[in-house]
Engineer: 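Take this structure, written in structure tokens, and hold onto it; I'll ask about it next.
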Amino acid sequence: MRPNLRALAEAATRDPAKPLWEAAGDLSDYDIFHNLVLVATYVPPPKILKGPDGEDIEFYSSDRTLEEERFQGKVGLVLLFGPLAFQDDGGTKFGGKEIRRGDWVVYRPSDGLEMFIRDRRKSNEGLSCRLIEDVFIRGRVKDPSLVY
């Protein structure tokens, strides 16, 4: 089952987190273990440029471009994380940094396991997510459109 990336991108124009939360639905069926973090892949909205008369013109990405965003996206919305995520241990120190649900985090796509999650109570197509170890999360941003 393939997620509807176009619908997610178009809904992200107003609030980029909202369509991801809606697509994820009820997350109570998911229990993340250890130091893992479940992030929803950010898909950028259509670009809005000013036309010659000052009107807004929306430029939509092709389906292929949206697929590439899914595979190569470097920003995700934190949905859930395990009890040991961002906890100092014998070999890893986080310097007091921590994450919260709803944070936008930066990562290398190949560091995570891609998966699709869905709410069994809804008939949606699923949401592209990655399961990533905490040490592979490189940073946090306030606006996911700042990273490409």
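The residues of the chain are indexed from 1 along the displayed sequence. Hydrogens, waters and symmetry mates are skipped; everything else that's a heavy atom, side chains included, is used.
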Engineer: Counting only heavy atoms from other residues, nucleotides and ligands, does the tally under 6.0 Å from CZ of Phe33 exceed 12?
Structural biologist: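 Atom CZ in Phe33 is not packed in, count stays at 12 or less.
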
Engineer: Mind checking what makes side-chain contact (heavy atoms from CB on, under 4.5 Å) contact with Phe136, not counting sequence neighbours?
Structural biologist: Asp111, Ile132, Glu133, Arg138

Engineer: Taking C-beta and beyond as the side chain, do Val75 and Val105 meet within less than 4.5 Å on heavy atoms?
Structural biologist: no

Engineer: In Å and rounded to the nearest 0.5 Å, what is the CG to NE2 distance from Asp134 to His34?
Structural biologist: 12.0 Å

Engineer: Do Tyr107 and Arg130 touch side chain to side chain, with heavy atoms closer than 4.5 Å?
Structural biologist: yes

Engineer: Return the CD1 to CG distance between Ile117 and Asp29, rounded to the nearest 0.5 Å.
Structural biologist: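 That separation rounds to 10.0 Å.
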
Engineer: Does any non-hydrogen side-chain atom of Val147 lie less than 4.5 Å from one of Tyr42?
Structural biologist: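 Tyr42 vs Val147: side chains apart.
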
Engineer: Less than 4.5 Å apart, any side-chain heavy atom of Leu131 and any of Ile32?
Structural biologist: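 Side chain of Leu131 against side chain of Ile32, heavy atoms only: contact under 4.5 Å found.
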
Engineer: To the nearest 0.5 angstrom, please state how far the CG atom of Leu38 sits from the CG atom of Asp31.
Structural biologist: 11.5 Å

Engineer: Nearest 0.5 Å, please: how far is CD in Gln87 from CG in Asn35?
Structural biologist: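 Reported to 0.5 Å precision, the distance equals 10.5 Å.
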
Engineer: Can you name the nearest heavy-atom pair linking Cys129 to Leu79, along with the distance?
Structural biologist: SG-CD1, 3.9 Å

Engineer: Salt bridge or not between Asp88 and Lys93? Use side-chain N to carboxylate O under 4.0 Å.
Structural biologist: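 Salt bridge between Asp88 and Lys93, a charged N being under 4.0 Å from a carboxylate O: no.
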
Engineer: Grouping I, L, V, M, F, W and Y whenever their side-chain heavy atoms are under 4.5 Å apart, do Val39 and Leu127 come out in a common cluster?
Structural biologist: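 Looking at the clustering, Leu127 is in a separate group from Val39.
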
Engineer: Between CG of Asp103 and CD of Glu98, what distance do you get to the nearest 0.5 Å?
Structural biologist: 9.0 Å

Engineer: Are Phe81 and Trp104 grouped together when hydrophobic residues (ILVMFWY) are joined by side-chain heavy atoms under 4.5 angstrom apart?
Structural biologist: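 Hydrophobic grouping puts Phe81 apart from Trp104.
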
Engineer: For Phe116, is there any backbone N or O sitting under 3.5 Å from a side-chain donor or acceptor partner on Ser128?
Structural biologist: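 Looks like no, no N/O pair under 3.5 Å.
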
Engineer: With sequence neighbours left out, what residues match Phe94 under ring-ring contact (aromatic ring centres under 6.0 Å, His included)?
Structural biologist: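 For Phe94, the residues satisfying ring-ring contact (aromatic ring centres under 6.0 Å, His included) (neighbours in sequence not counted) are Phe86.
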
Engineer: Can you check whether Asp53's main-chain N or O pairs, donor with acceptor, with Glu55's side chain at less than 3.5 Å?
Structural biologist: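 Yes; at least one donor-acceptor contact below 3.5 Å.
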
Engineer: Just how far is it from atom CG of Leu27 to atom CG of Leu80, taken to the nearest 0.5 Å?
Structural biologist: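 Taking CG in Leu27 and CG in Leu80, the distance rounds to 5.0 Å.
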
Engineer: Linking I/L/V/M/F/W/Y whenever their side-chain heavy atoms sit closer than 4.5 Å, directly or via other members, would Leu113 and Ile99 fall into one cluster?
Structural biologist: no

Engineer: Determine, using the 4.5 Å side-chain heavy-atom cutoff (strictly less than), whether Tyr30 and Leu36 are members of one ILVMFWY cluster.
Structural biologist: yes

Engineer: Considering all heavy atoms of both residues, which atom of Pro109 and which atom of Gly73 are nearest to each other, and what is their separation?
Structural biologist: CG-O, 3.2 Å

